[in-house]
Number of protein chains: 2
Amino acid sequence: MPRKPKQQRSQATVNAIIEAGFIAMAEREPATITTRQIADIAGVGVGSLYEYFENKEAIFSAMSERFVADTVALIRPQIATLVRMPIRDAVRHMLESFRTFLQENDGRYLSCIQYAMTLDFERYIDPLQQTLSELVTQYLMNHPDTLRVRDIPTMSYIMIHGGIFAVVRHLSDPSPPITFDQLVEGLARMVGHYTEREIAMANATQEHLRAKEPDETGSDREQ
Amino acid sequence: MPRKPKQQRSQATVNAIIEAGFIAMAEREPATITTRQIADIAGVGVGSLYEYFENKEAIFSAMSERFVADTVALIRPQIATLVRMPIRDAVRHMLESFRTFLQENDGRYLSCIQYAMTLDFERYIDPLQQTLSELVTQYLMNHPDTLRVRDIPTMSYIMIHGGIFAVVRHLSDPSPPITFDQLVEGLARMVGHYTEREIAMANATQEHLRAKEPDETGSDREQ
DNA sequence: GATTTATCCGAATTGAATCCGAACAAGCGT
DNA sequence: ACGCTTGTTCGGATTCAATTCGGATAAATC
């Protein structure tokens with residue numbers, strides 16, 4: 001039922017509506033935002049919302065979509081650079097730029113990611129996850145020694161999901177128990193230590209072709 | 001405005017309403033649940049909902065509260081046992097029992113935790129976080145060597161939040177890219193490797209009172 | 001400038017959440 | 001057992017926000 005905007009006028013309306021959504025999101029609880037408020041902020045009639053959006057949900061979805069697209073646009077160009085950095089620096093660098101990104105425009109995207117995490121989740125987090133997976137893959141290809149860590153898909157899954165959530169949760173917390181810098185350093189160490197330890201263990205196993213320290217290698221099972 | 005239930009009859013009603021909430025949550029999207037549905041499932045009139053609950057939200061809150069309380073009740077008694085296990089085993093053990101817990105009663109709690117994460121967040125995740133923090137503290141006290149890892153609050157923050165989210169996300173995902181067992185093993189390795197590496201680094205630093213491998217120790221800054 | 005097409009609007013409709021006052025049940029003193 | 005008070009239940013009436021609809025206005029096309 002909602003139509004595609006064909007004139008530049010209507011495209012501006014669509015944009016105003018999405019912008020209004022971000023503004024409203026920044027000042028109220030998402031659940032308490034009404035269509036009338038969005039329309040008022042956007043400077044259009046309520047009816048106009050429904051010319052281009054199925055329903056109120058759809059407006060929020062469009063916001064999430066734009067947010068995720070912007071995030072991907074933030075990360076993707078950095079991949080080439082990140083991939084050449086030591087792993088801890090790469091993590092640090094990416095997280096700092098992500099923080100800056102989330103906090104610009106009065107933290108409009110911060111409200112948004114919280115919303116995106118609640119509702120659609122799969123649909124809107126997936127592209128982000130895809131991008132990060134791509135980053136990991138590229139990284140591995142540029143650092144052949146890191147290919148020795150076991151069960152890379154799992155570790156990538158843990159680092160991506162755990163990392164995203166820890167950061168979002170921290171940025172949403174009005175009085176976090178640790179600083180953001182501590183969080184970044186912690187995540188960097190976590191990832192760095194893990195890969196180093198795995199590489200060391202892989203090397204150790206290879207060198208003594210047969211076990212000599214069942215203590216260390218005894219817990220190697222999976223993969 | 002909502003009153004406290006004084007007779008056992010009304011206490012039963014309150015319970016029926018919360019139960020109905022769980023049942024409804026298990027079969028429909030939380031957003032599409034209506035008060036009439038809840039009332040019908042509970043076998044009471046719609047008006048009765050408002051005798052003990054401020055509004056529909058409050059019913060969901062009560063559910064979250066019960067869920068979190070049950071989760072804490074699940075973990076707390078295990079602390080004494082977990083604290084004596086090697087760290088990887090403790091992680092494995094805890095996650096397995098958590099999975100079992102989430103999936104009993106047709107996974108009613110699974111829908112619930114997703115909801116709890118959306119709305120109140122602080123209020124309902126906090127007690128869980130408290131409990132896990134307590135577990136970490138106890139663990140540290142029982143394993144004095146682990147006290148050598150740097151910035152324990154931060155690492156505890158990362159492991160708790162990242163771990164909770166990775167698990168919840170995995171259990172919510174209809175077609176996860178990795179198995180739950182892989183996730184558990186991965187988290188166990190992550191935590192285990194990290195602590196071991198930190199301890200090793202602390203020992204190394206102590207032994208050669210002055211640096212000899214600026215490569216390794218060069219990235220030690222914080223704390 | 002007439003006609004078609006796109007856009008905009010806000011009063012009317014719809015449906016769910018919430019309120020309310022009457023009916024019903026329990027406790028309780030007599 | 002009986003009347004009185006208090007707790008409880010109920011579902012129709014009310015309220016309020018989302019969505020619809022049909023006409024008004026503006027741009028585009030010929």
Side-chain angles (χ1 to χ4, degrees), chain A residues 1-65 111 115 118-120, chain B residues 1-65 111 115 118-120:
Chain A
M1 196 53 65
R3 66 178 77 163
K4 282 275 182 298
K6 304 215 168 175
Q7 302 176 359
Q8 75 301 349
R9 178 167 62 127
S10 60
Q11 184 51 58
T13 301
V14 170
N15 238 294
I17 292 170
I18 295 180
E19 280 300 305
F22 279 118
I23 293 169
M25 193 85 99
E27 50 193 33
R28 324 187 144 278
E29 291 281 304
T32 71
I33 297 174
T34 75
T35 52
R36 194 168 303 272
Q37 284 167 358
I38 295 178
D40 286 349
I41 295 174
V44 303
V46 266
S48 300
L49 303 183
Y50 294 89
E51 293 292 334
Y52 306 101
F53 297 98
E54 187 72 38
N55 50 35
K56 192 171 69 162
E57 253 334 80
I59 297 172
F60 293 144
S61 290
M63 290 163 59
S64 297
E65 225 162 289
S111 321
Y115 183 83
T118 75
L119 242 289
D120 294 293
Chain B
M1 197 54 67
R3 67 179 75 163
K4 282 274 185 298
K6 306 215 165 172
Q7 303 177 354
Q8 74 301 346
R9 176 166 64 126
S10 59
Q11 184 52 59
T13 301
V14 170
N15 240 291
I17 292 170
I18 295 180
E19 281 298 306
F22 280 117
I23 293 169
M25 193 86 98
E27 51 193 33
R28 324 187 144 276
E29 290 282 304
T32 70
I33 298 173
T34 74
T35 51
R36 195 168 301 273
Q37 284 166 358
I38 294 177
D40 286 349
I41 295 173
V44 303
V46 265
S48 300
L49 304 182
Y50 294 88
E51 293 294 331
Y52 305 101
F53 298 97
E54 189 71 39
N55 50 35
K56 193 171 69 162
E57 255 330 81
I59 296 172
F60 293 144
S61 291
M63 289 163 57
S64 297
E65 223 162 290
S111 322
Y115 184 82
T118 74
L119 242 289
D120 295 292

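Numbers restart at 1 for each chain; the letters A, B, ... are given by sequence-line order, proteins then strands. Values in this document were obtained by computation on a predicted structure and should not be read as measured data.
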Please state whether the phosphate of [N], meaning OP1 or OP2, lies under 4.0 angstrom from any side-chain nitrogen or oxygen of [X].
{"X": "B/Thr35", "N": "C/dA17", "value": "yes"}
{"X": "A/Thr34", "N": "D/dA17", "value": "no"}
{"X": "A/Ser48", "N": "C/dT7", "value": "no"}
{"X": "B/Ser10", "N": "D/dG7", "value": "no"}
{"X": "B/Tyr50", "N": "C/dT18", "value": "yes"}

Nearest heavy-atom pair of A/Val46 and A/Arg36: which atoms, and what distance?
CG1-CA, 3.8 Å
Would you mind reading off the distance between [X] atom [atom1] and [N] atom [atom2], rounded to a whole angstrom?
{"X": "A/Glu51", "N": "C/dA6", "atom1": "CD", "atom2": "P", "answer": "12 Å"}
{"X": "A/Asn15", "N": "C/dT7", "atom1": "CG", "atom2": "C1'", "answer": "16 Å"}
{"X": "A/Ile59", "N": "D/dA17", "atom1": "CD1", "atom2": "P", "answer": "16 Å"}
{"X": "B/Lys56", "N": "C/dG15", "atom1": "NZ", "atom2": "P", "answer": "16 Å"}
{"X": "B/Leu49", "N": "C/dC20", "atom1": "CG", "atom2": "C1'", "answer": "15 Å"}
{"X": "B/Gln7", "N": "C/dA26", "atom1": "CD", "atom2": "P", "answer": "8 Å"}
{"X": "A/Asn55", "N": "C/dG15", "atom1": "CG", "atom2": "P", "answer": "16 Å"}
{"X": "A/Ile38", "N": "C/dG10", "atom1": "CD1", "atom2": "C1'", "answer": "17 Å"}

So what does B/Ile33 touch, heavy atoms closer than 4.0 Å: a base, only the sugar-phosphate, or nothing?
sugar-phosphate
Give one of base, sugar-phosphate or nothing for B/Phe53, where a contact means two heavy atoms less than 4.0 Å apart.
nothing
Closest nucleotide among C/dC9, C/dC8, C/dA26 to the B/Arg9 side chain:
C/dA26
Could you please spell out the steps behind the side-chain contact (heavy atoms from CB on, under 4.5 Å) verdict for B/Tyr52 and B/Ile18?
CA-CA 11 Å; B/Tyr52 305 101; B/Ile18 295 180; over 6 Å; no
So, taking the atom named [atom1] in [X] and the one named [atom2] in [Y], what distance separates them when rounded to the nearest 0.5 Å?
{"X": "A/Thr13", "Y": "A/Gln8", "atom1": "OG1", "atom2": "CD", "answer": "10.0 Å"}
{"X": "A/Glu57", "Y": "A/Ser64", "atom1": "CD", "atom2": "OG", "answer": "9.0 Å"}
{"X": "A/Ile17", "Y": "A/Thr35", "atom1": "CD1", "atom2": "OG1", "answer": "11.0 Å"}

Closest-nucleotide mapping onto DNA chain D: is B/Gln8 or B/Arg36 further toward the 5' terminus? I mean the 5' end.
B/Gln8
